[in-house]
Amino acid sequence: MSNAPNDLHEDFPDKADRIHQLKTGNNRFARLYDEYNELNRTIHRIETRVEPQSDEAEEELKRRRLQIKDEIMAMLDDENA
């Protein structure tokens with residue numbers, strides 16, 4: 001369990017410029033980015049017991065976060081996105 005929610009800039013430090021470019025120029029990426037950050041904050045609150053949830057609910061949120069992260073990673077790697 002971490003003390004702070006993970007940030008995409010920390011996960012992809014070499015992609016900071018690309019993240020900014022896509023956030024400002026690609027609506028789908030911007031929505032995924034926002035959803036990822038919201039899920040990240042929610043999961044952090046669950047992990048720190050600020051907003052406890054069932055294990056099943058927590059795992060479902062983590063699965064969705066991973067799906068979004070995979071989509072984001074694909075977009076970061078796709079020069080045509």
Side-chain angles (χ1 to χ4, degrees):
M1 175 171 41
S2 63
N3 290 331
N6 216 19
D7 182 77
L8 284 173
H9 291 284
E10 293 170 9
D11 289 341
F12 305 108
D14 59 323
K15 303 276 189 182
D17 290 339
R18 183 79 172 131
I19 289 170
H20 177 72
Q21 175 191 22
L22 287 170
K23 274 186 0 187
T24 58
N26 184 308
N27 289 335
R28 173 148 176 74
F29 183 90
R31 283 191 305 273
L32 288 170
Y33 183 88
D34 290 343
E35 186 178 352
Y36 179 87
N37 284 330
E38 181 58 34
L39 278 169
N40 222 20
R41 286 188 294 272
T42 300
I43 291 167
H44 178 69
R45 289 191 304 268
I46 292 168
E47 289 177 338
T48 57
R49 303 296 181 227
V50 171
E51 293 180 20
Q53 294 283 326
S54 69
D55 289 343
E56 295 82 17
E58 182 179 352
E59 289 305 313
E60 181 58 35
L61 292 171
K62 287 180 178 181
R63 278 191 290 276
R64 177 63 183 142
R65 179 178 63 179
L66 184 58
Q67 289 173 335
I68 292 170
K69 190 173 185 178
D70 286 345
E71 287 184 59
I72 286 173
M73 188 168 48
M75 293 178 83
L76 289 172
D77 290 339
D78 181 4
E79 295 298 323
N80 296 317

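The structure displayed is predicted, hence computed values, not measured ones. One-based numbering along the sequence shown.
The distance from the CD1 atom of Ile19 to the CE atom of Met75 is 12.0 Å, given to the nearest 0.5 Å. Distance CD/Glu58 to CD/Glu51: 12.0 Å, rounded to 0.5 Å. Here Leu76 contributes atom CG and Asp17 contributes atom CG; the two are 11.5 Å apart, rounded to the nearest 0.5 Å. Taken to the nearest 0.5 Å, the CD1 atom of Ile43 stands 10.5 Å off from the CD atom of Glu38. Between atom CG of residue Leu66 and atom CG of residue Leu39 there is a gap of 11.0 Å, rounded to the nearest 0.5 Å.
Counted within 6.0 Å of CG on Asp14, heavy atoms from surrounding residues, nucleotides or ligands total more than 12; the atom is thus considered enclosed. The 12-atom threshold is exceeded at NE2 of His9, counting heavy atoms of other residues, nucleotides or ligands nearer than 6.0 Å.
By the 4.5 Å heavy-atom criterion applied to side chains, Met73 and Phe12 are counted as neighbours. Contact of the Ile72 side chain with the Lys69 side chain is not registered, since no non-hydrogen atoms from C-beta on lie closer than 4.5 Å. Two residues are said to be in side-chain contact when any heavy atoms from C-beta on lie closer than 4.5 Å; Tyr36 and Leu32 fail this criterion.
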Practice task
Decide salt bridge (Lys or Arg N to Asp or Glu O under 4.0 Å) for Lys62 and Glu47; before the verdict, give the C-alpha distance in whole Å, the side-chain angles of both, and the deciding distance to 0.1 Å.
Solution key: CA-CA 11 Å; Lys62 287 180 178 181; Glu47 289 177 338; 3.3 Å; yes
Practice task
Could you walk me through whether Arg45 and Thr42 pass side-chain contact (heavy atoms from CB on, under 4.5 Å), step by step?
Solution key: CA-CA 5 Å; Arg45 289 191 304 268; Thr42 300; 3.3 Å; yes
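Ion pairing between a basic and an acidic side chain is recognised when a charged N comes within 4.0 Å of a carboxylate O; Lys15 and Asp77 show such pairing.
Here the closest heavy-atom approach between residue Gln53 and residue Ala57 is recorded as OE1-CB, 4.0 Å.
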